2 protein chains.
Amino acid sequence: MTKKYKSEAMAALHESMQGLHDIGIVPAKTMRRFDASCLAPIEDMAPEEIVKVRNEAGVSQAVFARYLHVSLGTVSKWERGEKHPSGPAITLLNIIKRKGLESIYA
Amino acid sequence: MTKKYKSEAMAALHESMQGLHDIGIVPAKTMRRFDASCLAPIEDMAPEEIVKVRNEAGVSQAVFARYLHVSLGTVSKWERGEKHPSGPAITLLNIIKRKGLESIYA
DNA sequence: TGAAATATAACACTAAGAACTATACTATAA
DNA sequence: TTATAGTATAGTTCTTAGTGTTATATTTCA
């Protein structure tokens, strides 16, 4: 396995696989608390889905923006497809989608 | 109250106060599920604190980056103070700080 | 000894996001 | 009816977070 990885994503995934491959043997320093389910590729949030998530939370764009710590304009652009949420933003949106708006601040 | 608000943050806060002010009366469309504690200004994550949060999670920069859906380089820059986390990123970091790394994917 | 994980570092480039302003629709209250 | 305020879209300019890549050094471990 002298293979080089093209991206750090692959490197991290390899790191995961390595740990899962070594049956029961969890490498000391690395790998601890490592969960493969987290590393599942995140689904990109479609504009309509963002609107849906926000509506289900029952808040306006302005309030939603405050929760996520982005500007109102940014939320508007997400929902119109003008801009795409960044990685951390998508992560937050998914958390809200799965666990509700309350889960990101309580 | 014909006052204009200088920022959307203030506007959102006003929206909150309005709802809390009207004793027991929760405005129909707006205000629902609104929580003032969420709108508390988020504390900016210091570089050392990011390192601390990550170390308490017990993961490497690469794994931490995968969880947050940012690049490894970005985490490195955060921890060295070269770049500051974006709003959503700070939000995630605070969630991890308070509720653990598991809380952002489970 | 060597392989791999870890972390720092510097580069050029892209695009997310901020801040601001204007417009328009809608619902409620006077 | 007329205001007023909340809501959302939209456009513009600008800043900077973040990406992707590569290189280097140290450490860990087989």
Side-chain angles (χ1 to χ4, degrees), chain A residues 1-19 22 25 27-32 34 44-45 47 50-51 54-55 58-66 68-93, chain B residues 1-19 22 25 27-32 34 44-45 47 50-51 54-55 58-66 68-93:
Chain A
M1 284 292 189
T2 52
K3 191 181 177 195
K4 266 283 179 184
Y5 299 97
K6 278 171 286 193
S7 67
E8 58 201 3
M10 282 306 296
L13 269 173
H14 168 260
E15 193 178 2
S16 166
M17 291 311 166
Q18 190 83 20
D22 300 347
I25 303 174
K29 287 272 178 68
T30 20
M31 293 301 105
R32 56 178 178 248
F34 190 85
D44 193 13
M45 267 290 178
I50 297 175
V51 176
R54 179 174 63 81
N55 284 333
V59 293
S60 68
Q61 288 182 340
V63 173
F64 198 62
R66 286 288 296 168
L68 293 162
H69 291 97
V70 293
S71 69
L72 187 151
T74 294
V75 172
S76 176
K77 281 166 192 148
W78 287 347
E79 297 190 352
R80 280 175 290 134
E82 188 180 323
K83 289 286 177 71
H84 298 284
S86 64
I90 296 177
T91 305
L92 277 176
L93 288 169
Chain B
M1 282 296 185
T2 53
K3 191 181 177 195
K4 267 283 179 183
Y5 300 97
K6 278 171 287 193
S7 68
E8 57 202 3
M10 283 307 295
L13 270 172
H14 167 261
E15 195 179 359
S16 166
M17 293 311 166
Q18 190 83 21
D22 299 347
I25 304 173
K29 288 272 179 65
T30 21
M31 292 302 104
R32 55 182 178 246
F34 190 86
D44 193 14
M45 269 287 180
I50 297 175
V51 176
R54 179 174 62 82
N55 283 333
V59 294
S60 67
Q61 288 183 339
V63 172
F64 198 62
R66 286 288 296 167
L68 294 163
H69 292 96
V70 293
S71 69
L72 188 151
T74 294
V75 173
S76 175
K77 279 165 193 152
W78 287 348
E79 298 190 351
R80 280 176 289 134
E82 188 180 324
K83 289 286 176 70
H84 297 283
S86 63
I90 296 177
T91 306
L92 275 177
L93 288 169

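Throughout, a chain's letter reflects where its sequence line sits, starting with A, and its residues are numbered from 1. Small disclaimer: the values here were computed from a predicted structure and weren't measured. Side chains included, hydrogens not; waters and symmetry mates left out as well; all remaining heavy atoms used.
OP1 or OP2 of C:dA9 has at least one side-chain nitrogen or oxygen of B:Arg80 nearer than 4.0 Å. Within the 4.0 Å cut-off from OP1 or OP2 of D:dG6, not a single side-chain nitrogen or oxygen of A:Gln61 is found. The phosphate of C:dG17 (OP1 or OP2) has no side-chain N or O of A:Thr74 nearer than 4.0 angstrom. B:Trp78 has no side-chain polar atom (N or O) that falls below the 4.0 Å cut-off from OP1 or OP2 of D:dA17.
Summarising the geometry, the separation between CD1 on A:Ile90 and P on D:dT19 is reported as 11 Å, rounded to the nearest angstrom. Going from atom CD1 of A:Ile50 over to atom C1' of D:dT9 covers 15 Å, rounded to whole Å. What separates NE2 of A:His69 from C1' of C:dA18 is a distance of 15 Å, to the nearest Å. Atom NE2 in A:His84 sits about 17 Å away from atom C1' in D:dA17, given to the nearest Å. Between the P atom of C:dT8 and the CZ atom of B:Phe64 lies a distance of 13 Å, rounded to the nearest Å. The CZ atom of B:Arg66 sits 11 Å away from the P atom of D:dT19 (whole-angstrom rounding). The distance from atom CG of B:Asn55 to atom C1' of C:dA7 is 12 Å, rounded to the nearest whole Å.
Between the side chain of A:Arg80 and the backbone N or O of A:Pro47 there is no donor-acceptor pair closer than 3.5 Å.
Map B:Ser76 and B:Glu82 each onto its nearest nucleotide of DNA chain C; the residue landing nearer the 5' end is B:Ser76. Nearest-nucleotide assignment on DNA chain C puts the 5′-proximal partner with B:Glu79, out of B:Glu79 and B:Pro88.
Between A:Phe64 and A:Val51 there is no side-chain heavy-atom pair separated by less than 4.5 Å.
Note on A:Ser86: only backbone sugar-phosphate atoms sit closer than 4.0 angstrom, heavy atoms only; bases stay farther off.
Donor-acceptor pairing under 3.5 Å, judged by distance alone, is absent between the side chain of A:Lys77 and the base of D:dT9.
Interatomic distance, CD1 of A:Ile90 versus CG of A:Asp44, reported as 4.5 Å (0.5 Å rounding). Note that OG1 of B:Thr74 and CD of B:Glu79 are 11.5 Å apart. Values are rounded to the nearest 0.5 Å. The line from CD1 of B:Ile50 to CD of B:Gln61 is 10.5 Å long, rounded to the nearest 0.5 Å.
Comparing D:dG18, D:dA8, C:dA18 by their closest approach to the side chain of B:Lys83 singles out D:dG18.
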